[in-house]
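Okay, so here's the structure we're looking at.
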Amino acid sequence: MASKTSRDVLSRGLGVLRQAIREQPRIFAVAVVGSVLFGGMIIVSARVVGSVIGEVALPSIERGEVGSGTLALAAAALFGISVLRVAGIFGRRLGAGYMQYRLQASYRRRVTRRYLELPLSWHHRNSTGTLLSNANSDVEAAWYPIAPLPFAVGTLVMLVGAIVSLFATDWALALVGLAVFPALFALNVVYSRRMAPRQARAQRLRAEVSGIAHESFDGALVVKTMGREAQETARFAGRAGELRDSLIAVGRLRGVFDPLLETLPSLGTLAVLVVGAFRLRQGAISVTELVSVAFLFTVLAFPVRAIGWVLAELPRSVAGWDRVRRVLDATGEMPYGQRVLDSASSGPATLTFSDVHYSYPPAEAHPPGAQVLGEVGFTVPSGRTVALVGPTGAGKSTIASLAVRLVDPDSGAVCLDGVDVRELTSASLAGTVALVAQVPFIFDDTVRANIALDRPGVDDEVVWAALRLAEADGFVAALPDGLDTMVGERGTSLSGGQRQRLTLARALAGRPRLLVLDDATSAVDPRVEAAILAGLRSSTAEAGVPAASILVVAYRRATIALADEVIYVEQGRVVARGTHSELLATVPGYVDLVTAYEQAEVERAQESSYGDEVAPLPSGLEIEVDR
């Protein structure tokens, strides 16, 4: 079984190398030419060194004098060979490095592009740490053998040349070479087989360590407030310790095999000297030939190890390649259509849900195949505001995701201005509708960059107009550097409400015709939230941001009351629709929900008020408090 697995790793590893050569054939050819030149010069240098010693040095010693012309010729030959070897090394290393880094850059782009093409359901099944590992360490591991690959190919050519040279010199010395060279290759194969499971485990643990680290850092607030620092440190230390042990096992195996790979050519050199001395006494070979063969075995030790380097890295390459291909071969992307909406002259968009059904994918459903939405149908008319209200788990966020096509319905249609969103181009959809999510995301950049996102036409005038509509212009103007203020990673220098208003301004700056707010102002003061929604309802092109239709997932009574229509959903179905006052009069479940939300808001306000009070003053002292 182990032998079968090793053969499989070798076969798949060679397949990865073939893929690399197919993608970068010219660069690989340059690197191989440099390597072959280097290998050829090693064989030639062995012949030249043998000739220098046998035909120049020994005769000079016997005569007691050195011929300057002959010595100069020998020095020139050795110098010329050295120059060509340097040229070969330069071409080999430059080509190999260029090829390796181009492949890594190309596949990093492919992986990240694939991330953006795959639906949210796929991302939900894969941790952020795993995705980071796929795009970084797995891509590096997949192409790690590329660096020594041209050297190994040149070495194989050199070995063939060396065997031919040995047979041309003496059959007995050639037999020594035939014994040593296959032994070196066999040792490299055994090395690769032993290394395969260790490298695969180390690569898997790298991803797990990355995932735990990212999760701990991303959840730093929870970790610290819950006093879980020691436990998280221990969890990370445990997996990091496993990775350490795995890498030590890799190093230990390498420590065993590297000396063996170094020793075999030395043993070959010793065998050549023993056999060569015997053949020299028989007169079968000359001193020049013996020195050439011995020198050849001596200098072959380092190049032959290049084959071992490639074979040793193949298991790691296969492990990384498998993880990269898992991303590139993942299915479920949502292809876009070819239709384009005229966003310049159509005004606010009309959103229509027509008998929409949606279920979580089997891998995510609890229980499998559980339906989230069923027979959902409603319309957000052009220029109107519709509030989506319902208890937790009713499907409100799923409806918001369908509206902006983060997911597609199982059946039914979601249409913008009568066109199925699946028929629209990516640019047309992004230019028509904008989603402001419940959890705001802020880039570690300036306020301006977070809002503009380098979109054409979004200048400072548009940015300030969007900030005014989002009720964020006041606090942004008060920041130390205004629009140029760095807000920190995830906007850590801002409050929750400020982050939400910046993300709202970001959406507004794109001039959407439909704005979808998924509880996007939950951290904002109710009065500010009411001002924002009132401003959105009355915004005009003169204000710098055109008016838009609004679908808002709402909880607060004041927010709901501003909507032209309220859609009440329960268990993934539209139960009732109408104005806020109509639903209060006719739908008991709606009344209970809104009342519960309102009571929760009152309790939170009271808790905040209690937290702001000071200790009672001594009797007789009074203070006027500005409420």
Side-chain angles (χ1 to χ4, degrees), residues 9-40 84-118 126 129-158 192 195-196 199-200 202-204 206-207 210 250 302-303 305-330 333 454:
V9 169
L10 179 61
S11 174
R12 291 162 61 201
L14 294 177
V16 175
L17 298 182
R18 284 194 297 270
Q19 177 68 24
I21 295 170
R22 282 196 297 266
E23 294 198 21
Q24 304 290 336
R26 294 182 180 179
I27 300 175
F28 179 72
V30 170
V32 169
V33 168
S35 181
V36 171
L37 177 62
F38 172 79
L84 291 176
R85 285 179 63 178
V86 169
I89 293 173
F90 179 79
R92 182 194 78 218
R93 290 190 173 180
L94 181 64
Y98 198 66
M99 181 179 178
Q100 181 182 29
Y101 297 137
R102 284 194 66 171
L103 285 168
Q104 289 177 354
S106 172
Y107 273 82
R108 282 195 180 98
R109 289 193 295 268
R110 295 186 197 185
V111 168
T112 52
R113 188 184 305 119
R114 190 61 179 158
Y115 286 161
L116 299 178
E117 294 171 347
L118 290 167
N126 296 272
T130 299
L131 302 187
L132 290 173
S133 179
N134 291 152
N136 187 28
S137 63
D138 290 335
V139 169
E140 287 186 357
W143 304 120
Y144 204 81
I146 297 302
L149 177 61
F151 196 9
V153 174
T155 298
L156 289 175
V157 175
M158 182 183 64
S192 175
M195 187 64 78
Q199 289 280 27
Q203 198 63 22
R204 175 178 57 81
R206 283 188 179 94
S210 176
V250 170
F302 177 72
R305 292 186 65 186
I307 301 174
W309 294 336
V310 173
L311 293 176
E313 294 299 337
L314 282 185
R316 180 181 175 187
S317 174
V318 169
W321 177 251
D322 287 345
R323 293 169 65 85
V324 169
R325 290 307 316 178
R326 185 184 65 84
V327 177
L328 298 180
D329 295 338
E333 70 273 17
D454 289 329

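Along the sequence shown, residues are numbered consecutively beginning with 1.
We find the OH-OG distance between Y144 and S137 to be 13.0 Å, quoted to the nearest 0.5 Å. Remark: R108 CZ to N134 CG distance equals 12.0 Å, nearest 0.5 Å. In this structure, the separation between CD1 on I89 and CG on L94 is 13.0 Å, given to the nearest 0.5 Å. Expressed to the nearest 0.5 Å, how far CG of L149 lies from OG1 of T155 amounts to 10.5 Å. With rounding to the nearest 0.5 angstrom, the CE atom of M99 is 4.5 Å from the CD1 atom of I146. Note that CZ of F151 is 4.5 Å distant from CZ of F38, once rounded to the nearest 0.5 Å.
Listed here is the closest heavy atom pair of V16 and S317: CG1-OG, 3.6 Å. Between S11 and R18 the shortest heavy-atom distance is O-NH2, 4.3 Å. In plain terms, the two heavy atoms of A96 and A147 that are nearest each other are CB-O, 3.4 Å.
In this structure, the side chain to side chain contact (heavy atoms under 4.5 Å, CB included) partners of A135, at least two apart in sequence or on a different chain, are V111, T112, Y115.
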Which pairs of donor and acceptor atoms, one on a side chain in residues 22-34, lie under 3.5 Å apart (sequence neighbours left out)?
from	atom 1	to	atom 2	distance (Å)
R22	NH2	Q19	OE1	2.8
E23	OE1	R110	NH2	3.0
E23	OE2	Q19	NE2	2.7
E23	OE2	Y107	OH	2.4

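Side-chain atoms of E140 do not come within 3.5 Å of backbone N or O of Q104 as any donor-acceptor pair. Put simply, the side chain of R326 never gets that close to the backbone of W321: no donor and acceptor are under 3.5 Å apart. Judged by distance alone, with hydrogens and angles left aside, the side-chain atoms of S35 form a donor-acceptor pair with the main-chain N or O of P150 at under 3.5 Å.
In this structure, the side chains of R323 and V327 stay at 4.5 Å or more apart for every pair of heavy atoms.
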